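Only this structure's heavy atoms are used, side chains among them; waters, hydrogens and symmetry mates stay out. Quick caveat, the model's predicted, so the values are computed rather than measured.
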Amino acid sequence: MSIKCEYIDFIIPIENINRVYPGGFEKFKSDNIENFGGRMWHDDKLFRDGAMNSYDIQQLFDYWTKLGLKGVFDEYGEKSWEDFCVVESMMGGPTLPCYWLSFDPETSTAYYDYEIYI
C-alpha cells in the first residue's frame, strides 16, 4: 500500500509509534481521532501527519523526538532520516535520504520499502 503526500509530510512507520507512544498506534489514533481524515492518515505500515510550513513540521519533529524517536542520524558525514521522515512532494520527495521509504514523484505517493528496511 501507499500513502498520498501533499505539502510537507511527516511520515512515521506505525511500528515506531507502537514502540514509543503509550498504548501504541491505536491509542494515538483514538487520542487524535479529530485529525484523522484531515491532516492525518495512514495505511497498514505508515502514518502521515502534515503541515504547510516548516514551523509546524518542527513542532512535529520536537513532539516525536521527546517521545523517543530519533530524527536524523549521521553516518560517515552522510545525514539520513532514522525513525521518521520529512517529505516535500513538490520538491521531489524526502528532504534527506530515508532508507525505509520510497517516493513516487509522478503520483506523490510514498510507501514503506520492505526490502530495504529489513
Side-chain angles (χ1 to χ4, degrees):
M1 293 185 74
S2 63
I3 56 171
K4 182 76 176 150
C5 295
E6 62 181 26
Y7 305 110
I8 308 172
D9 306 277
F10 194 90
I11 300 174
I12 309 171
I14 290 172
E15 65 188 27
N16 291 348
I17 297 172
N18 285 333
R19 189 168 40 96
V20 299
Y21 194 85
F25 181 69
E26 290 306 315
K27 178 69 170 133
F28 173 78
K29 190 172 178 180
S30 70
D31 289 347
N32 294 279
I33 196 67
E34 69 279 357
N35 293 314
F36 278 84
R39 70 170 220 248
M40 296 179 176
W41 52 80
H42 66 92
D43 66 7
D44 59 334
K45 296 289 180 185
L46 296 175
F47 162 75
R48 181 263 184 202
D49 197 347
M52 295 180 71
N53 61 68
S54 58
Y55 176 80
D56 291 339
I57 288 296
Q58 184 65 51
Q59 298 301 307
L60 293 170
F61 184 101
D62 294 344
Y63 174 80
W64 287 104
T65 55
K66 284 179 185 170
L67 283 175
L69 293 182
K70 294 181 177 113
V72 176
F73 73 94
D74 189 325
E75 185 171 40
Y76 308 113
E78 300 265 338
K79 292 184 178 184
S80 299
W81 291 112
E82 189 165 346
D83 289 333
F84 52 79
C85 180
V86 175
V87 172
E88 291 186 16
S89 54
M90 292 183 72
M91 301 302 284
T95 58
L96 292 171
C98 187
Y99 65 91
W100 47 263
L101 188 81
S102 289
F103 179 76
D104 181 347
E106 288 187 28
T107 61
S108 289
T109 56
Y111 64 93
Y112 189 83
D113 198 330
Y114 304 95
E115 303 216 5
I116 293 174
Y117 196 57
I118 293 175

Here the pair of heavy atoms bringing S102 nearest to D113 is OG-OD2, 2.6 Å
Of all heavy-atom pairs linking V87 and L101, the shortest is CG2-CD2, 3.6 Å
In terms of hydrophobic clusters joined by side-chain contacts under 4.5 Å, are L60 and I11 together? no
Minimum heavy-atom distance D43-S2, with the two atoms named: OD2-N, 3.5 Å
Is F10 reachable from V20 through a run of I, L, V, M, F, W or Y residues, each pair having side-chain heavy atoms under 4.5 Å apart? yes
Please evaluate residues F47 and F84 with respect to the criterion side-chain contact (heavy atoms from CB on, under 4.5 Å), reporting the C-alpha separation (whole Å), side-chain torsions for both, the decisive distance (0.1 Å), and the verdict. CA-CA 10 Å; F47 162 75; F84 52 79; over 6 Å; no
Report yes if the side chains of L46 and W100 come closer than 4.5 Å at any heavy-atom pair, otherwise no. yes
Filter on salt bridge (Lys or Arg N to Asp or Glu O under 4.0 Å), then keep only pairs touching residues 29-42, sequence neighbours left out; what's left? K27-D31, R39-D49
Measure the SG-OH distance between C5 and Y111 for me, rounded to the nearest 0.5 Å. 12.5 Å
Among all residues two or more places apart in sequence or in another chain, which pass the side chain to side chain donor-acceptor pair (under 3.5 Å) test with D104? T107
Please write out which residues are connected to I33 in a hydrophobic cluster, directly or through intermediates, given that two of Ile, Leu, Val, Met, Phe, Trp, Tyr count as joined at side-chain heavy-atom separations below 4.5 angstrom. none
Rounded to the nearest 0.5 Å, the CZ atom of R48 sits from the NE2 atom of H42 at a distance of 13.0 Å
Test item: S108 and K4 side chains (from C-beta on) under 4.5 Å apart, heavy atoms: yes
If you compare all heavy atoms of S89 against all heavy atoms of D9, which two are closest, and at what distance to 0.1 Å? OG-OD2, 4.3 Å
Roughly how far, to the nearest 0.5 Å, is the SG atom of C85 from the OH atom of Y112? 13.0 Å
Over all heavy atoms of both residues, which pair between G93 and F103 is shortest? Give the atoms and the distance, please. CA-CD2, 3.5 Å
Please tabulate, for the side chains in residues 61-71, all donor-acceptor contacts under 3.5 angstrom to protein atoms that are two or more places apart in sequence or on a different chain.
residue : atom : partner : partner atom : Å
D62     : OD1  : Q58     : NE2          : 2.8
T65     : OG1  : F61     : O            : 2.9
T65     : OG1  : D62     : O            : 3.1

Does atom CZ of F25 have more than 12 heavy-atom neighbours, drawn from other residues, nucleotides or ligands, at distances under 6.0 Å? yes
Any non-hydrogen side-chain atom of I3 less than 4.5 Å from a side-chain atom of W41? yes
For M52 versus I8, what's the shortest heavy-atom pair and its separation? C-CD1, 4.1 Å
Only counting residues at least two apart or in another chain, list the ones meeting side chain to side chain donor-acceptor pair (under 3.5 Å) with D56. N53
Taking side-chain contact (heavy atoms from CB on, under 4.5 Å) as the test, write out the residues that go with D74, two or more places apart. K79
